[in-house]
Amino acid sequence: MAETATDRLRIIMGDEGLARLQQATVMVFGVGGVGSNCIEALARGGIGRLVIIDKDVVAPSNINRQAIAFTSTVGRRKIDVMAAMIADINPACKVVARDAFVLPENLDELVDNCLAACGGRIDYIVDAIDTVATKLAIAELAPARGIPLISSMGAANKLHPECLRIADIHDTIRDPLSRVIRKECRRRGIRHLRVLYSCEEPPASRDAQGAGRRELGTASFMPPIMGQMIAGEVIRRISGVGCEPVRPDGTRAGA
């Protein structure tokens, strides 16, 4: 029998799990460091339809961390580069791409437009954008629409992947962006929001000149790892495979 791109997926996911992935639609807001790497992993993971939304173009400063950023893609629209990458990885994956800024004011209309393009079905939303107001708008919209959501917190100034955690926003610690989102969730009555965040202690300053500036830098490895972790969460939840908790010692809680 000829080898296929899904052979190794089928071994771990099983026929039913793989079928669920191939029938699923995942919407990803943001095709930056976290988003592009998440989308790549979702495409490789067998997701049947991907909705990708971003207004930006590839910039030279993106090359250190974004899956779509190469010297050859600088200046091109991120959604175009991402769509071409998806097609090259998983030709069976349908792509709905929207060149749009995601704002609280246009979020409902944008989601409605994408739902119409997807036959009225979106199985999961990934929030990989940076704007606090829009992240909160997505956190309100997703439960109102009955769509599972996972939101990425900040990768800036972080260097330790072992500190990354998937948790409810109200259980997060130390992360500055999580603190802001957590406070606003309480104020808005958002009781639950699943996030990926880092519990790494924020540095007083990582300015090379020691001048105390608070510019945000990003390591080449952190956003890709975060994107992969979010993709793993989405793939597990949609497939129903590997959803049981794992203890710190690596054993499964159900065992």
Side-chain angles (χ1 to χ4, degrees), residues 28-42 44-45 56 59-70 78 124-132 134-136 138-139 149-185 192-237 242-253:
V28 182
F29 289 106
V31 187
V34 175
S36 64
N37 285 282
C38 178
I39 293 165
E40 179 187 355
L42 292 171
R44 294 188 189 279
D56 209 356
S61 60
N62 300 153
I63 292 174
N64 80 314
R65 66 196 182 281
Q66 298 187 12
I68 52 170
F70 304 88
K78 289 184 177 181
Y124 226 101
I125 293 175
V126 173
D127 160 25
I129 59 177
D130 300 323
T131 311
V132 170
T134 306
K135 294 181 90 66
L136 290 162
I138 295 170
L149 164 68
I150 183 166
S151 180
S152 173
M153 298 292 102
N157 290 346
K158 305 294 175 66
L159 290 170
H160 291 275
E162 67 272 19
C163 294
L164 291 168
R165 304 282 186 273
I166 293 175
D168 190 277
I169 188 65
H170 300 292
D171 297 326
T172 56
I173 57 172
R174 288 193 283 272
D175 179 53
L177 178 57
S178 295
R179 185 181 305 117
V180 172
I181 298 293
R182 189 170 63 241
K183 180 179 178 181
E184 283 299 309
C185 281
H192 299 288
L193 173 60
R194 197 161 180 81
V195 301
L196 173 68
Y197 82 104
S198 171
C199 65
E200 181 178 347
E201 188 73 40
S205 173
R206 284 198 173 120
D207 175 37
Q209 303 302 316
R213 294 186 310 180
R214 292 295 296 147
E215 292 181 355
L216 298 179
T218 312
S220 62
F221 49 88
M222 285 297 288
I225 292 170
M226 292 175 72
Q228 294 276 339
M229 286 182 68
I230 290 174
E233 173 76 357
V234 172
I235 287 170
R236 288 191 299 270
R237 296 287 173 178
C243 293
E244 62 274 20
V246 176
R247 301 185 185 97
D249 65 0
T251 59
R252 300 190 186 280

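Note that these values count all heavy atoms, side chains included, but never hydrogens, waters or copies made by symmetry.
- Side chain of Asn64 to main chain of Thr218: a donor-acceptor pair is present (N/O by atom type, distance under 3.5 Å, no hydrogens or angles).
- Note that OG1 of Thr131 is 12.5 Å distant from CZ of Phe29, once rounded to the nearest 0.5 Å.
- For the atom pair Arg194 CZ and Ser151 OG, the distance stands at 12.5 Å (nearest 0.5 Å).
- For the pair Glu184 and Lys135, the salt-bridge criterion is not met [side-chain N within less than 4.0 Å of a carboxylate O].
- Residues Met226 and Ser152 share a closest heavy-atom pair of CE-OG, 3.6 Å.
- When all heavy atoms are compared, the tightest approach of Leu159 to Pro161 is O-CD, 3.4 Å.
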task = Could you please spell out the steps behind the side-chain contact (heavy atoms from CB on, under 4.5 Å) verdict for Asp175 and Val195?
result = CA-CA 12 Å; Asp175 179 53; Val195 301; over 6 Å; no
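- Here CG of Leu42 is found 11.0 Å from OH of Tyr124. Values are rounded to the nearest 0.5 Å.
- Inter-residue side-chain proximity for Leu196 and Glu233 is flagged as unmet; no heavy-atom pair is nearer than 4.5 Å.
- Residues Ser198 and Lys158 come closest through the heavy atom pair CB-NZ, 3.7 Å.
- Of the candidates His160, Glu162, Arg174, His160 is the only one forming a side chain to side chain contact (heavy atoms under 4.5 Å, CB included) with Glu200.
- Arg237 has its side chain out of reach of Ile150: every pair of non-hydrogen atoms, C-beta onward, lies at least 4.5 Å apart.
- Contact between Ser178 and Thr172 at its shortest, heavy atoms only, is CB-OG1, 3.5 Å.
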key: Pair His170-Cys185, side-chain contact (heavy atoms from CB on, under 4.5 Å): steps then yes or no   = CA-CA 9 Å; His170 300 292; Cys185 281; 3.9 Å; yes
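- Nearest heavy-atom pair across Gly242 and Arg236 is O-CD, 3.1 Å.
- Summarising the geometry, atom CD1 belonging to Ile181 is positioned 8.0 Å from atom CG belonging to Asp127; distances are rounded to the nearest 0.5 Å.
- Side-chain contact between Ile129 and Ile138 is present, with at least one heavy-atom pair separated by less than 4.5 Å.
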key: Test log, rule side-chain contact (heavy atoms from CB on, under 4.5 Å), inputs Met153 and Ile169   = CA-CA 9 Å; Met153 298 292 102; Ile169 188 65; 4.1 Å; yes
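- Scanning both residues, Ile235 and Gly45, for their nearest heavy atoms gives CD1-CA, 4.0 Å.
- No side-chain heavy atom of Ile39 sits less than 4.5 Å from a side-chain heavy atom of Ile68.
- Atom CZ of Phe221 and atom CG of Asn37 lie 13.5 Å apart (nearest 0.5 Å).
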ask   = Given the rule in the side-chain contact (heavy atoms from CB on, under 4.5 Å) test, do Leu177 and Val132 qualify, once you have shown the distances and angles that lead to the verdict?
value = CA-CA 8 Å; Leu177 178 57; Val132 170; 3.8 Å; yes
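- Considering only heavy atoms from C-beta on, Met222 comes within 4.5 Å of Leu164 through its side chain.
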